[in-house]
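Please read all numbers here as calculations on a predicted model, not as lab measurements.
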Amino acid sequence: MTDGTLDEAASVFAGLRPRLFGIAYQMLGGVAEAEDVVQETWVKWQTTDREPVRDPAAFLVTMTTRLAINVIQSARRRREKYVGPWLPEPIDTGGGPEAGAEQAADVELAVLMLLERLSPPERAAYVLRESFDYPYADIAAILQVTEANARQLASRGRRRVAAGRRNPVSRAAHRRLLETFLAAARTGDLDALESLLAEDAVSYSDGNGAVRGASRIPIIGRERVAKVVVAYAPRFWTGTTVSWVEANGRPAILVSRDGAAYALITITASDDGIDQLLWVLNPDKLRGY
């Protein structure tokens, strides 16, 4: 293998890397796992006989998708041992394209949470179709199924995601709700909090047992969620600073303590109010901030 051929292979891979990462990240919900998949794809690409490869992009996307499907199986086993609720790892999308996705909505944490409910082939078909607009014939080739089956997998994934998600508010409304929540949470204003929350609101705290005070079960219901937020307000907010960031295409609150990221808070909301509070507290998931 000549240096020139390897340089060409590296150039092709570098150009496709954002897309490959986007596919792996959306399928897996974790940055480190996605990076591992992309790195394994690169290693295999270097050692592959590239002479007969007519379409490098198709080849690399196929390899990345299949590797991600394999990782999903082991990731599910690891998450069975996870302490408390598991949330996808947020990514900072304030400075550029959303993790290689062409549709910002598809990297939202709420969507990534719903993708966890899909089978690996459904998840792959959904991501390739909804985020990257791949033709069904290409999806069929990647997943080694018929085109009819590829359509069915993508359709089933789309229906299941839609069924689990309320119609989201606009970005501006999302920011306003989060600003109002922040003010009420920091002052412990119970009435204000209850007025913001949907009746069946759920609060998820992802700390993996490493953060004191992170609930190990989801908190369900408007009154219970509001009371828990108020109860923990003095302990949670004392000595912290707050800044605004964009996480997965939506405004989010970054809470820092002693100069280090301590929590990332975001919401999902519909016309009924805030239906999910997402507290990312696991230090391993805040490395990008």
Original post:
Applying the 4.5 Å side-chain criterion to the ILVMFWY set and letting contacts propagate, would Val229 and Ile219 be lumped into a single cluster?
Top reply: yes

**OP:** Check Ala32 against Glu89 and note the closest heavy-atom contact, atom names and distance.
**Re:** N-OE1, 4.0 Å

Subject >> Leu277-Leu286 co-clustered via ILVMFWY side chain contacts under 4.5 Å >> reply: no

Subject >> Salt-bridge criterion met for Arg79 and Glu33 (N-O under 4.0 Å) >> reply: yes

**OP:** Please test Val12 against Leu60 for side-chain contact (heavy atoms from CB on, under 4.5 Å), starting from the C-alpha separation and ending with a verdict.
**Re:** CA-CA 10 Å; Val12 168; Leu60 290 167; 4.3 Å; yes

Original post:
Do Val245 and Val242 belong together in a cluster built from hydrophobic side chains that touch within less than 4.5 Å?
Top reply: no

**OP:** Search all heavy atoms of Pro251 against all heavy atoms of His174 and return the closest pair with its distance.
**Re:** O-NE2, 3.1 Å

Original post:
Are Trp45 and Leu20 side-chain neighbours, meaning at least one heavy-atom pair lies under 4.5 Å?
Top reply: no

Subject >> Spacing of Leu109 atom CG and Ile267 atom CD1 [to the nearest 0.5 Å] >> reply: 12.0 Å

Subject >> Between CG on residue Leu28 and CD1 on residue Ile72, distance to nearest 0.5 Å >> reply: 5.5 Å

**OP:** Taking all heavy atoms of Val280 and all of Pro90, pick out the closest pair and write down the distance.
**Re:** CG1-CD, 3.9 Å

Original post:
Within the distance-only criterion (no hydrogens, no angle test), does the side chain of Arg123 pair as donor or acceptor with the backbone N or O of Gln26 below 3.5 angstrom?
Top reply: no

Subject >> Interatomic spacing from CZ in Arg54 to CZ in Phe59 - rounded to 0.5 Å >> reply: 14.0 Å

**OP:** For residues Val225 and Ile220, determine if any side-chain heavy atom of one lies less than 4.5 Å from a side-chain heavy atom of the other.
**Re:** no

Original post:
Would Met113 and Leu278 count as a side-chain contact (heavy atoms from CB on, under 4.5 Å) if you check the C-alpha gap in whole Å, the side-chain angles of each, and the deciding distance to 0.1 Å?
Top reply: CA-CA 11 Å; Met113 289 171 67; Leu278 309 177; 3.9 Å; yes

Subject >> Val31 and Phe21: CA distance, side-chain angles, deciding distance, side-chain contact (heavy atoms from CB on, under 4.5 Å) verdict >> reply: CA-CA 9 Å; Val31 172; Phe21 177 82; 4.2 Å; yes

**OP:** Without swapping roles, check the side chain of Thr93 against the backbone of Gly249 for a donor-acceptor pair under 3.5 Å.
**Re:** yes

Original post:
If you measure only the distance, is there a donor-acceptor pair under 3.5 Å linking the side chains of Thr64 and Thr41?
Top reply: yes

Original post:
Trp244 versus Leu254: any side-chain heavy-atom pair under 4.5 Å?
Top reply: no

**OP:** Would you confirm whether Ser131, through its side chain, and Leu128, through its main-chain N or O, come within 3.5 Å as a donor-acceptor pair?
**Re:** no

**OP:** First locate atom OH of Tyr232, then atom CH2 of Trp279, and finally report the distance between them rounded to the nearest 0.5 Å.
**Re:** 11.0 Å

Original post:
Can any side-chain N or O of Arg66 pair as donor or acceptor with the backbone N or O of Ile142 at less than 3.5 Å?
Top reply: yes

Original post:
Can you name the closest pair of heavy atoms from Ala14 and Pro18 and give their distance?
Top reply: O-CD, 3.7 Å

Original post:
When rounded to the nearest 0.5 angstrom, what is the spacing between OG1 in Thr268 and CZ in Arg166?
Top reply: 8.0 Å

**OP:** Before accepting this row, confirm whether a basic side-chain N of the pair Arg159/Glu122 lies closer than 4.0 Å to the acidic partner's carboxylate O.
**Re:** no

**OP:** Using a 4.5 Å cut-off on heavy atoms from C-beta on, say whether the side chain of Ser119 contacts that of Arg156.
**Re:** no

Original post:
Is there side-chain contact between Tyr82 and Asn282, with at least one heavy-atom pair below 4.5 Å?
Top reply: yes

Subject >> Non-hydrogen side-chain atoms of Val211 and Pro283 separated by less than 4.5 Å >> reply: yes

**OP:** Give a yes or no answer on whether the side chain of Tyr126 reaches the backbone of Ser155 with a donor-acceptor pair at less than 3.5 Å.
**Re:** no

**OP:** Give a yes or no on this: more than 12 heavy atoms of other residues, nucleotides or ligands lie within 6.0 Å of atom CG of Asp258.
**Re:** no

Subject >> Ion pair check, Lys227 and Glu194, cut-off under 4.0 Å >> reply: no

Original post:
Side chains of Leu112 and Glu108: does their closest heavy-atom pair fall under 4.5 Å?
Top reply: no

Original post:
Just wondering, are more than 12 heavy atoms of other shown residues or ligands nearer than 6.0 Å to CD in Glu147?
Top reply: yes

**OP:** Would you confirm whether Arg257, through its side chain, and Thr238, through its main-chain N or O, come within 3.5 Å as a donor-acceptor pair?
**Re:** yes

**OP:** Using the rule that two of Ile, Leu, Val, Met, Phe, Trp, Tyr join whenever any of their side-chain heavy atoms come within less than 4.5 Å, decide whether Val37 and Leu118 are in one cluster.
**Re:** yes

Original post:
Do side-chain atoms of Arg50 reach the backbone of Gln46 as a donor and acceptor pair under 3.5 angstrom?
Top reply: yes

**OP:** Start with the C-alpha distance between Ile69 and Met27, add both sets of side-chain angles, then the distance that settles side-chain contact (heavy atoms from CB on, under 4.5 Å), and finish with yes or no.
**Re:** CA-CA 8 Å; Ile69 286 174; Met27 289 180 63; 3.6 Å; yes

Original post:
Any chance CZ of Arg216 has more than 12 other-residue heavy atoms, nucleotides or ligands included, within less than 6.0 Å?
Top reply: no

**OP:** Locate the shortest heavy-atom distance separating Pro218 from Val202; write the atom from each residue and the value.
**Re:** CB-CG1, 3.9 Å

Original post:
Does any N or O in the side chain of Asn208 come within less than 3.5 Å of the main-chain N or O of Val83, such that one atom is a donor and the other an acceptor?
Top reply: yes

**OP:** Compare every heavy atom of Thr266 with every heavy atom of Ala252, then report the nearest pair and how far apart it is.
**Re:** CB-CB, 4.0 Å

Original post:
Do Leu153 and Phe132 share a hydrophobic cluster, counting only Ile, Leu, Val, Met, Phe, Trp and Tyr and linking them when any side-chain heavy atoms are less than 4.5 Å apart?
Top reply: yes

Subject >> Tyr25 vs Val127 side-chain heavy atoms within contact, under 4.5 Å >> reply: no

**OP:** Kindly say whether Arg117 contributes a backbone atom to a donor-acceptor pair with the side chain of Arg160 at under 3.5 angstrom?
**Re:** yes

Original post:
Under a 4.0 Å N-O cut-off, is there an ion pair linking Glu179 with Arg175?
Top reply: yes

Original post:
What distance do Ile274 atom CD1 and Leu178 atom CG have between them, rounded to the nearest 0.5 Å?
Top reply: 7.0 Å

**OP:** Ignoring hydrogens and angles, tell me if any N or O in the side chain of Asn248 forms a donor-acceptor pair with the backbone of Val107 under 3.5 Å.
**Re:** yes

